[in-house]
Amino acid sequence: MNYNPEALKNYYEELPHGKPKMDGIRTAIEAADQNNDVPFMVYFREQMCYEACFYGDTMYLMVIFPEMLSIIDRYPDTPSTQFDTAYINALDHILWIYKWLISECCNFYQVSMDDCLKFFEDYKQRSVSFGYNLKPYYRALYCFYTFDKEKQAEAFHKFEKIPRDANSDCEACERNTEIEFYLDKGDFGKALELSKDIEDFKLKCGNYWDAWLRMKISFFEYYLNNCMFEEATEIAGILERRINKKTEYQVWGTIMNCYAHTKPGRALRVYKKHWKELALENATPDSTFDSACNVCCFWYRIKSDGRETVKLQLNRTFPLYSEENIYNTEDLFNYYYNLAKDIAEKFDKRNGTGRYMETLVKSLDIAKK
């Protein structure tokens, strides 16, 4: 069969997001490699990075990106293809994707602290040598240092002082970072003021709803963390109708945890529908921790209300599978709690802090209210 990169792209673009599309892109990568078509060897890997990061197995981003970086280091003047003419050359496009990689470092305890910091330093040097400033670098560093509030604040203030340039993230993404920072500080008024342009869709990112969803999720988590359950429930209902296929918006565990306080029957229906995603099919260990933490809080409330068993139609992939479809709520709580605790301890060991275990303890304290 004749090699035709355009046809390969057209083929995988028609496939559903996730594993089907990743398999299609993998076929395209193999074909480009066999034909030593360097621009498309890079481009198809860029496409794989996008699919892995936003719809698939995010850990694969950590595998495919170094491959792409190795190719561009051998061929630094590789031009862009006809499909990515917005970039000066292939390296310019890779620098854009590099931001995704360093932003994901914090989500994998398997990536050592030394390797995380090496990625950050390499991205920093490449950005400067290409003529870009470090605004995206400090934004990613802010996202990384969730376990160190002092370093996180330092990175944020450096980020906000640097002007935008051609490699900056979109304005909506940067605004959402500012909203997250001020909500975390407890400055609700400032965060609300900053959210207006996203609320009114004057600032958008990618899909029409993407930036809006990120903003709503930030306020949703703020309300839940501050025991403002009615306000959180209102946003939970909105999110249920708007969540799309991107992995970053699959906050079903948080929605369940919220409904456990106000609509326990609805929370149980969410669990029955999304149990596979809730700690079994998450994109990163960090998102698995979030899901397990939220779900264990839900089961804590259910068992505390005196319900000892529950009927669930789960399949054999569930670790506590019962052929009778009857599950003990204490067992369900213990399963998700131990899963969250195991991941928390691994992250805390990597980070040299106790932030993850503190989050788990705080979440359970809120569940008791």
With the threshold set at 4.0 Å, does a side-chain nitrogen-carboxylate oxygen contact exist between D92 and R126? no

Judged by atom type as modelled, is there a donor-acceptor pair below 3.5 Å linking the side chain of S195 to the main-chain atoms of L192? yes

Interatomic distance, N225 atom CG to S363 atom OG [nearest 0.5 angstrom]: 6.5 Å

In terms of relative ring orientation, are F318 and Y336 parallel, tilted or perpendicular, with 30° and 60° separating the classes? tilted

Rounded to the nearest 0.5 Å, how far does OH of Y145 lie from CD of E154? 9.0 Å

Take E199 and K216 through the test salt bridge (charged side-chain N to carboxylate O under 4.0 Å, His left out) and record every step on the way to the result. CA-CA 9 Å; E199 184 70 60; K216 287 295 184 185; 2.9 Å; yes

Are F147 and F347 an aromatic pair by the rule of ring centers under 6.0 Å? no

Measuring only between side-chain heavy atoms, which start at C-beta, is Y259 closer than 4.5 Å to F298? no

Stepwise side chain to side chain donor-acceptor pair (under 3.5 Å) check, D114 with S112: CA-CA 5 Å; D114 283 346; S112 72; 5.4 Å; no

Can V295 be reached from V251 by stepping across I, L, V, M, F, W or Y side chains whose heavy atoms are under 4.5 Å apart? yes

Assess, by modelled atom type and distance only, whether the side chains of R307 and T329 contain a donor and an acceptor separated by less than 3.5 Å. no

Could you state the interatomic distance from CZ (F219) to CD (E180), rounded to the nearest 0.5 Å? 10.5 Å

Are I102 and L95 co-members of a hydrophobic cluster defined by side-chain heavy atoms under 4.5 Å apart? yes

Hey, could you give me the NZ/CE distance between K196 and M215, rounded to the nearest 0.5 Å? 12.0 Å

Roughly how far apart are K99 NZ and C173 SG, rounded to 0.5 Å? 8.5 Å

Tell me whether Y11 at atom OH has more than 12 heavy atoms from other residues, nucleotides or ligands lying less than 6.0 Å away. no

If hydrophobic clusters are built by linking Ile, Leu, Val, Met, Phe, Trp and Tyr wherever their side-chain heavy atoms come under 4.5 Å apart, do V361 and L339 end up in the same one? no

R316 and E323: CA distance, side-chain angles, deciding distance, salt bridge (charged side-chain N to carboxylate O under 4.0 Å, His left out) verdict: CA-CA 9 Å; R316 293 181 183 276; E323 291 187 357; 3.3 Å; yes

Pair E13 + K21, salt bridge at N-O below 4.0 Å: yes

Stepwise, does the side chain to side chain donor-acceptor pair (under 3.5 Å) test hold for Y300 with E330? CA-CA 8 Å; Y300 177 87; E330 180 77 28; over 6 Å; no

Side-chain donor-acceptor pair under 3.5 Å between D342 and Y337, yes or no? no

Strictly by modelled atom types, are Q47 and Y12 linked by a side-chain donor-acceptor pair under 3.5 Å? yes

For a 4.5 angstrom cut-off between non-hydrogen side-chain atoms, does V128 reach N133? no

E221 side chain reached by D184 side chain, heavy atoms, under 4.5 Å: no

Roughly how far, to the nearest 0.5 Å, is the CD1 atom of I72 from the CG atom of L69? 8.5 Å

Side-chain heavy atoms of N325 within contact of L314, under 4.5 Å: no

Is it the case that E104 and N107 place a side-chain donor and acceptor less than 3.5 Å from each other? yes

Pair Y356-D286, side-chain donor/acceptor within less than 3.5 Å: yes

Can you confirm if the aromatic rings of Y138 and F156 lie within a centre distance of less than 6.0 Å? no

Under a 4.5 Å cut-off applied to non-hydrogen side-chain atoms, are F44 and T27 in contact? no

Can you hop from I302 to W252 via hydrophobic side chains spaced under 4.5 Å? yes

The test is side chain to side chain contact (heavy atoms under 4.5 Å, CB included); show your working for E240 and R266 and say whether it passes. CA-CA 11 Å; E240 276 198 272; R266 178 63 185 161; 2.3 Å; yes

Side chain to side chain, F220 and C258, heavy atoms closer than 4.5 Å: yes

Is the distance between the ring centroids of F181 and H157 less than 6.0 Å? yes

So does E67 pair up with R45, basic N to acidic O under 4.0 Å? yes

Short N-O contact, D348 and R355, less than 4.0 angstrom: no

Quick one: do the K9 and Y43 side chains pair a donor with an acceptor below 3.5 Å? yes

S70 and R74: side-chain donor and acceptor closer than 3.5 Å? yes

Using side chain to side chain contact (heavy atoms under 4.5 Å, CB included), reason through R139 and S168 one step at a time and then give a plain yes or no. CA-CA 10 Å; R139 177 173 180 256; S168 291; over 6 Å; no

Side-chain heavy-atom pair R242, L239 within 4.5 angstrom cut-off: no

Is a donor from one side chain sitting under 3.5 angstrom from an acceptor on the other, for T81 and D84? yes

Answer with yes or no whether the hydrophobic clustering places Y249 together with L203; edges join I, L, V, M, F, W, Y residues whose side-chain heavy atoms lie under 4.5 Å apart. yes

D210 vs K204, test: salt bridge (charged side-chain N to carboxylate O under 4.0 Å, His left out). Steps then yes/no. CA-CA 7 Å; D210 280 5; K204 292 178 285 188; over 6 Å; no

Start with the C-alpha distance between E160 and E174, add both sets of side-chain angles, then the distance that settles side chain to side chain contact (heavy atoms under 4.5 Å, CB included), and finish with yes or no. CA-CA 9 Å; E160 69 175 349; E174 292 185 348; over 6 Å; no

Taking C-beta and beyond as the side chain, do K303 and N328 meet within less than 4.5 Å on heavy atoms? no

Audit row: E358, K362, salt bridge (charged side-chain N to carboxylate O under 4.0 Å, His left out) steps and yes/no: CA-CA 6 Å; E358 289 165 6; K362 180 183 177 182; over 6 Å; no

Donor-acceptor pair, K190 side chain versus Y182 backbone, under 3.5 Å? no

Can you tell me how the ring of Y208 sits relative to the ring of F201, calling it parallel under 30°, perpendicular over 60° and tilted otherwise? parallel

Tell me the closest heavy-atom pair linking P136 and Y123, and the distance in Å. CB-OH, 3.5 Å

Neighbour count >12 (heavy atoms, 6.0 Å) for atom CD, E234: no

Regarding S291 and T288, do their side chains bring together a donor and an acceptor under 3.5 Å, going by distance alone? no

Please work out whether the ring planes of F83 and F40 are parallel, tilted or perpendicular, with thresholds of 30° and 60°. perpendicular

Report yes or no: do T233 and T262 form a side-chain donor-acceptor pair below 3.5 Å? yes

Measure centre to centre between the rings of W100 and F54, then say whether the value is under 6.0 Å. yes

Does R26 count as lying over the ring of Y60, i.e. NZ or CZ under 6.0 Å from the six-ring centre, within 45 degrees of the axis? yes

Do the side chains of K311 and E324 get close enough for a salt bridge, i.e. N-O under 4.0 angstrom? no

